[in-house]
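Reading through the structure tokens given below for one structure.
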2 protein chains.
Amino acid sequence: MELDDLDWKLLDLLQRDGRMTFTELAKRVSLSAPATTERVRRLEHAGIVTGYAAVVDPQRLGLPIEAIVRVRVRSLDTPRFRERVVTMAQVRDADHVTGDDCWLLRVVCRSTIELEEFVEQAQRYGDTTTSLVFSSHARNRPVTREIFGGIVSR
Amino acid sequence: MELDDLDWKLLDLLQRDGRMTFTELAKRVSLSAPATTERVRRLEHAGIVTGYAAVVDPQRLGLPIEAIVRVRVRSLDTPRFRERVVTMAQVRDADHVTGDDCWLLRVVCRSTIELEEFVEQAQRYGDTTTSLVFSSHARNRPVTREIFGGIVSR
DNA sequence: AGTGAAAATGTAGCGTA
DNA sequence: TACGCTACATTTTCACT
């Protein structure tokens with residue numbers, strides 16, 4: 001699918017405010033509401049926009065501890081690890097990656113004690129390295145056309 | 001702020017579908033639309049819901065390479081690192097963490113060549129370790145009450 | 001791109017615990 | 001006092017042309 005300036009603008013607006021109405025979106029891109037809706041539907045059907053989500057602050061929900069747990073899972077244990085650890089509610093992100101630490105988990109907890117308990121579970125499947133998150137300077141930053149170095153299509 | 005079952009249900013629904021209408025939300029929690037809207041507004045004003053965002057698939061946007069770059073930034077260089085690297089459009093997540101690798105960056109790129117160019121930039125501020133993401137098994141999984149082990153309040 | 005029907009939203013006033 | 005309900009006016013969405 002080929003994207004033009006307007007599509008990128010819509011993607012940008014929706015990544016920043018996923019609840020913006022089509023009327024408002026239309027105003028921002030200087031298009032009619034039906035035309036705008038049509039474009040957004042196309043982005044959804046093309047699998048470019050895969051959904052919409054409320055962004056919540058775990059801190060305010062009583063989950064002040066955030067950590068990245070790297071786990072070097074023994075390959076034979078991978079199925080059980082996915083089943084028993086990756087599925088735990090504390091896990092917000094789980095990526096299988098290259099390199100020595102084959103799994104990277106982002107977890108949120110109520111306390112360091114609960115983090116310890118989580119890490120103990122993960123330890124059963126391989127060696128772990130845990131880093132506490134001091135501060136997040138970017139979280140789910142919008143994907144923009146800037147990544148392409150300002151190259152223009154169409 | 002004290003959350004009851006209904007608030008958690010609303011948080012869950014909105015994290016899964018951030019564009020759900022208040023009428024639909026109301027139906028799902030068996031409440032009137034105005035009462036539902038009121039509760040969501042309270043969650044927003046309390047800073048629990050910080051926003052809404054469209055979820056996009058970088059793959060479909062021509063960004064097939066995703067990587068986690070760990071950077072051991074020399075503390076004197078941190079301000080410039082934040083200014084010159086963390087702000088780059090490729091960076092979707094940037095966390096300052098404890099441990100040897102003080103920064104964790106999640107980046108998306110068009111190619112391994114562009115990833116290499118990115119890492120070269122990051123290298124100017126400290127040693128790096130790069131892991132390519134094979135697959136993501138969880139991404140921004142909703143924060144649910146399950147994390148609290150099924151404890152009920154109110 | 002414009003139009004009209006249907007649906008969703010926001011506001012106000014009332015009732016209940 | 002806090003919370004939810006109904007009713008109504010306004011805005012938005014959707015299926016047409």
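Being a predicted model, the structure only gives us computed values, none of them experimental. Per chain, numbering begins at 1; letters A, B, ... match sequence-line order.
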Exercise. So, are B:Asp77 and B:Arg124 salt-bridged, with charged N and O less than 4.0 Å apart?
Worked result: no
Exercise. Which nucleotide in the set C:dG2, D:dT12, D:dC5 lies at the smallest distance from any side-chain heavy atom of A:Pro34?
Worked result: C:dG2
Exercise. Are B:Phe134 and A:Trp103 close enough that their ring centres sit under 6.0 Å apart?
Worked result: no
Exercise. In whole Å, what is the span from the CZ atom of B:Arg41 to the P atom of D:dA2?
Worked result: 20 Å
Exercise. In whole angstrom, what separates B:Asp7's CG from D:dG4's C1'?
Worked result: 14 Å
Exercise. Should A:Thr23 be listed as having a side-chain N or O under 4.0 Å from OP1 or OP2 of D:dT13?
Worked result: yes
Exercise. What's the shortest heavy-atom distance between A:Leu104 and B:Ile68, and which atoms?
Worked result: CD1-CG1, 3.5 Å
Problem set entry | Integer-rounded Å distance: C:dG10 C1' and B:Glu44 CD | 14 Å
Seminar exercise, completed: The nucleotide from D:dC3, D:dT13, C:dA1 with an atom nearest the side chain of B:Arg42 is D:dC3
For this session: Give the rounded distance in Å between these two atoms: CZ of A:Arg28 and P of D:dT12.
Result: 12 Å
For this session: Using a strict 4.0 Å threshold on nitrogen-to-oxygen distance, state whether B:Glu38 and B:Arg42 make a salt bridge.
Result: no
Exercise. Rounded to whole angstrom units, what separation is found between the CE atom of B:Met20 and the P atom of C:dA8?
Worked result: 12 Å
For this session: Please state how far atom CZ in B:Phe22 lies from atom P in D:dG4, giving the value in whole angstrom units.
Result: 15 Å
Seminar exercise, completed: In whole angstroms, the gap separating C1' of D:dA2 from CZ of B:Arg39 amounts to 11 Å
Seminar exercise, completed: When A:Ala33 and B:Ser32 are each assigned the nearest nucleotide of DNA chain D, the 5'-most assignment goes to B:Ser32
Problem set entry | Interatomic distance where CD belongs to B:Glu38 and P belongs to C:dT11 [whole Å] | 11 Å
Seminar exercise, completed: The residue, B:Arg19 or B:Leu6, whose nearest nucleotide of DNA chain D is more 5′ is B:Leu6
